[in-house]
Amino acid sequence: MSRKRKVQKKRRFGIRFMPLLSILLLGLISLLFYAIYLDFEVRKKFEGARWEVPSRVYARPLDLFVGKPLTKADFILELKQLRFKNSLIDSPGNYYTRSSSVYFYSRPFKFPEEATSATRVRVDFDRNIIHKIVNLDTRNVIDLWRLEPVFIGGIYPKLVEDRVLVKLEEVPKALVDTLLAVEDRKFYEHYGVAPFSIIRALVANIRAGSRVQGGSTLTQQLVKNFYLSSEKTIQRKLNEAIMALLLEMHYTKDEILEAYLNEVYLGQDGRRAIHGFGLASQFYFDTAIENLKPKQIALLVGLVKGASYYDPRRFPERALKRRQLVQTLQYKQAIISENQYESQLKSPMGVSKNKPSGVSPYPYFLDLVKRQLIRDYKPEDLQTAGLRLFTSLDPITQYKTEKSITKRLKILERDARLPQNKLEVGAIITDPGTGLVRTLIGGRKFRGSGFNRALDASRQIGSLIKPIVYLTALQQDKDYRLNTLIPDDPISIDLETGESWVPENYDKIYHGDVSLSAALASSFNAATVRLGLNVGLDKVIKNAHRLGIESDIQSYPAVLLGATQFSLYEITQAYQTIASQGFKTPLRAINTVATDTGEVLSRYPLTVQQAVNPEHAYLILNAMQSVMTEGTGRKIYKDFPSSFKVAGKTGTSNDYRDSWFAGITGDKLAIIWVGADDNSSIGLSGGTGALKVWKDVMLQTKTQSLSLVAPENIDFVNSSLVMHQSGEKVCLENQVMPIVSGVIPSESERIVCTND
Amino acid sequence: MIKSLFPQSMLNILWLIFLSLFLFACASKPPSSGDEQLAMIDNKAITEPGIEPGIILPKPKEKAYVHNAAIKRLINRAKKMTEQERYDSAIQELERGLAIAPNNPHIWQNLAMVRLFQGRYLQAEQLANKSNALSQGDSNLKSINRQIIISAREEAGTN
């Protein structure tokens with residue numbers, strides 16, 4: 001062949017393969033760009049917020065100190081809520097009792113700004129009070145000890161996932177070894193994909209006739225869980241392989257393993273997905289990951305292959321067989337000894353009956369927490385950043401309130417001949433001095449997360465408005481004192497419609513002149529309307545706003561009898577101001593917000609603002625005590641000792657649609673509402689409905705007697721009062737009565753009881 | 001001896017004057033500072049015979065507020081934190097104290113002081129007022145509260 005022909009042949013040869021080469025080159029370039037894109041995705045997802053960790057919400061930590069009113073039983077209740085086990089205190093999270101003492105081993109806890117370490121402690125109780133606290137390690141007496149707070153739920157992202165993050169060093173070696181033995185023996189050697197493993201798995205599967213080995217590495221599994229859906233296409237497999245390689249390029253084996261341990265899907269609890277071994281060990285065994293036994297590890301690792309298929313609660317036989325397979329591997333790989341293998345192979349699975357609920361047992365309270373947070377944080381931050389929220393909830397009071405309500409509502413329905421589940425309820429309990437919300441009930445289905453009646457139900461408050469009317473009068477202290485006679489006489493008010501409104505008393509009788517405090521105690525309507533109009537309806541409304549009511553209030557006389565609608569939350573705020581010596585103290589559900597590394601993001605500190613003078617607040621609280629000793633609340637003294645002091649007010653709305661009670665004791669402000677969602681009549685007054693619920697709760701929680709502190713410019717005088725007792729008008733002499741200093745009644749104003 | 005120095009008539013007059021002064025003093029007894037203690041039944045004073053309606057009675061003895069070792073520890077810790085300018089932490093300690101003893105005027109006063117150091121003058125004044133409302137006439141406490149309020153107003157420029 002001539003040279004020219006050889007060259008021509010070569011060129012033709014080259015030209016023929018050019019298109020193929022270009023396509024190949026183009027393919028490679030596209031692959032490169034695609035790889036770069038995937039690389040970006042891999043790194044973006046892995047770093048930063050690696051996975052959506054919900055914010056963890058805690059109740060108030062229980063502070064123990066000598067003299068604290070606390071029963072041994074209630075303390076054990078708190079320990080149980082903290083999932084302490086009744087056993088020897090050889091490890092943190094255990095307790096036992098001996099006569100009137102409780103011995104416990106506290107768990108370490110990182111409070112914002114302070115970490116407490118695991119300590120063995122003894123608490124001695126003397127009847128209903130803490131008598132002594134001893135650090136059993138140092139034998140020192142302790143004056144103040146803070147327990148870790150009860151975890152009450154998370155603020156979850158929409159996918160309703162949950163995490164208990166674990167660091168690699170917190171995970172038992174046996175778990176890592178077992179996992180690698182089962183899922184990826186060459187994890188530390190391969191580059192993300194292990195082609196020989198794929199072949200080996202294929203062979204093993206063909207031999208066994210079923211899928212006994214997976215060919216995916218842990219890295220690939222992580223990628224699958226993290227980034228991709230569960231379709232089984234070739235494209236997905238390819239993506240998975242590339243991303244696994246990229247992941248291995250950027251991150252260390254340990255980082256990948258740690259991510260895997262926290263990401264792997266291990267079960268389902270209703271809508272909540274269980275991801276990660278940290279959460280799974282709690283979910284299946286009610287145990288922290290560091291305390292897992294080898295057979296428990298075997299079960300959990302077995303779940304990796306198919307958490308639903310091998311669910312030990314639904315398919316115990318399958319789960320046991322799978323566990324035994326893993327245990328055999330553990331033995332073969334010398335993770336457990338022959339002894340352990342033989343003794344544990346047939347032992348029961350030991351899965352806990354209780355599925356610890358990640359979904360909060362206190363959804364209504366969490367609702368309030370969320371609302372208060374939304375003021376300060378974007379919704380996305382709340383649901384993704386893994387914040388720790390320290391709240392004011394008292395789980396003991398909440399639990400007892402729920403129990404009391406459940407029981408009492410059934411009795412009320414029975415006695416009022418109402419259909420079952422007709423009655424609904426709302427309740428808020430706060431610290432009177434500080435406005436911290438200790439308990440919140442949004443409905444009788446406590447675990448439901450529907451309509452939050454405490455925050456959103458707008459209902460007529462009836463006589464619950466009256467203390468605000470009488471407070472307004474008492475502020476005009478030269479004209480009105482607690483013993484000032486006011487007329488409970490008929491009154492007719494012309495309305496804009498042309499009709500007349502004639503307020504009637506509940507007993508349809510007008511009682512003539514009675515002392516101001518008596519008119520409040522007996523909740524006389526006519527006297528209240530007369531008084532309110534005399535002092536000025538607008539002044540009353542202004543006071544209501546000053547005390548903390550934000551809703552608009554129309555300027556109608558009927559407002560004086562509570563023909564106006566507020567939420568339970570709002571009226572609680574108003575009563576909170578009265579209970580705090582007239583200082584408006586905003587209700588708070590949150591104390592502190594911190595990151596999961598302990599950095600404090602926001603504190604919700606106490607603020608106060610004087611709304612009414614302390615002396616006027618004192619006077620109205622004094623009058624509200626008469627409500628209980630002489631007035632509509634006096635039935636409680638069937639169950640409380642006569643020395644027990646409480647300031648309260650009953651409330652009933654028109655046609656008995658709403659039953660209210662507000663009570664202030666030494667340690668609690670509690671407001672209860674009972675009614676029907678459809679606003680129909682329930683036939684219960686404040687005294688026959690809500691008051692009974694309140695009474696049950698206060699007895700259960702062993703509330704303390706009210707002890708009012710008289711402000712400086714309150715004096716006490718000896719006086720006479722015209723009261724109503726047991727339906728009769730009586731004149732009581734020698735009553736010690738508080739008055740504002742400098743407003744001593746003159747001779748002519750002296751009330752002298754005559755015998756007519 | 002007195003008898004020998006003064007005539008009987010003069011003595012009579014002196015006795016009369018002394019008696020009137022005594023009666024006058026009794027009739028317009030100034031408000032007691034709360035030091036006098038009467039026996040208590042259910043927080044009502046047993047009235048002494050002869051006390052007329054309209055006359056100021058001695059204040060009933062109040063229940064003492066809680067001020068135990070735990071509270072003192074928390075107040076001391078808050079003070080140390082304030083010295084280190086860790087004001088938010090100091091507030092948290094004091095609030096922990098309030099959960100134990102909400103009527104303790106010392107805790108409220110310490111809160112007022114922290115707010116003063118923080119430059120939160122309105123709150124400093126309000127908290128000092130709150131401490132006063134619970135002070136039960138403790139003049140030391142009130143005097144310090146007064147100082148806090150004056151400082152807060154001066155700093156805020158409202159004085």
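To find a chain, count down the sequence lines: A is the first, B the second, and so on, and within it residues start at 1.
Among residues 429-438 of chain A, the residues having any heavy atom closer than 4.5 Å to a heavy atom of chain B are, in sequence order, A:Asp431, A:Gly433, A:Thr434, A:Arg438.
Pairs engaging residues 108-151 of chain B under the ring-ring contact (aromatic ring centres under 6.0 Å, His included) rule: none recorded [sequence neighbours left out]. Counting only residues at least two apart or in different chains, salt bridge (Lys or Arg N to Asp or Glu O under 4.0 Å) contacts with residues 136-152 of chain B comprise A:Glu712-B:Lys142.
A side-chain donor-acceptor contact under 3.5 Å links A:Asp394 to the backbone of A:Thr397. In this structure a side-chain-to-backbone donor-acceptor pair under 3.5 Å is present from A:Thr577 to A:Leu547. The backbone N or O of A:Arg603 sits nowhere less than 3.5 Å from a side-chain atom of A:Thr592 that would complete a donor-acceptor pair.
Put simply, CG on B:Asn110 and CD1 on B:Ile71 are 11.0 Å apart, with the number rounded to the nearest 0.5 Å.
Only the side chain of B:Ile91 has a heavy atom closer than 4.5 Å to any heavy atom of chain A. For B:Leu111, the part lying under 4.5 angstrom from a heavy atom of chain A is the side chain only. Of the atoms belonging to A:Asn591, heavy atoms from both backbone and side chain fall under 4.5 Å from chain B. Only the side chain of B:Asn103 comes within contact range of chain A, judged by heavy atoms closer than 4.5 Å. Neither the backbone nor the side chain of A:Val600 comes within contact range of chain B; no heavy atoms are under 4.5 Å apart. For B:Asn68, the part sitting under 4.5 Å from any heavy atom of chain A is the side chain, from C-beta outward, and nothing else. In this structure, no portion of B:Leu122 lies under 4.5 Å from any heavy atom of chain A.
A salt bridge does not link B:Arg73 to B:Glu93: none of the charged side-chain nitrogens sits closer than 4.0 Å to a carboxylate oxygen.
When side chains are defined from C-beta on, B:Leu141 counts as touching B:His106, because their heavy atoms get closer than 4.5 Å.
Using the six-membered ring where Trp is involved, B:His67 and B:Tyr65 have ring planes that are perpendicular, over 60° apart on the 30 and 60° scheme.
Ranked by heavy-atom pairs under 4.5 Å with chain B, the list A:Pro738, A:Ser392, A:Ser580 is led by A:Ser580. Between chain A and the options B:Ala99, B:Ala133, B:Ser135, B:Ala69, heavy-atom pairs under 4.5 Å are most frequent for B:Ala133.
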Throw together a table of side-chain donor-acceptor distances under 3.5 angstrom for residues 609-616 of chain A, partners on residues two or more places apart or in other chains.
unit_1, atom_1, unit_2, atom_2, d
A:Glu615, OE2, A:Asn713, ND2, 3.3
A:His616, NE2, A:Asp477, OD2, 2.9

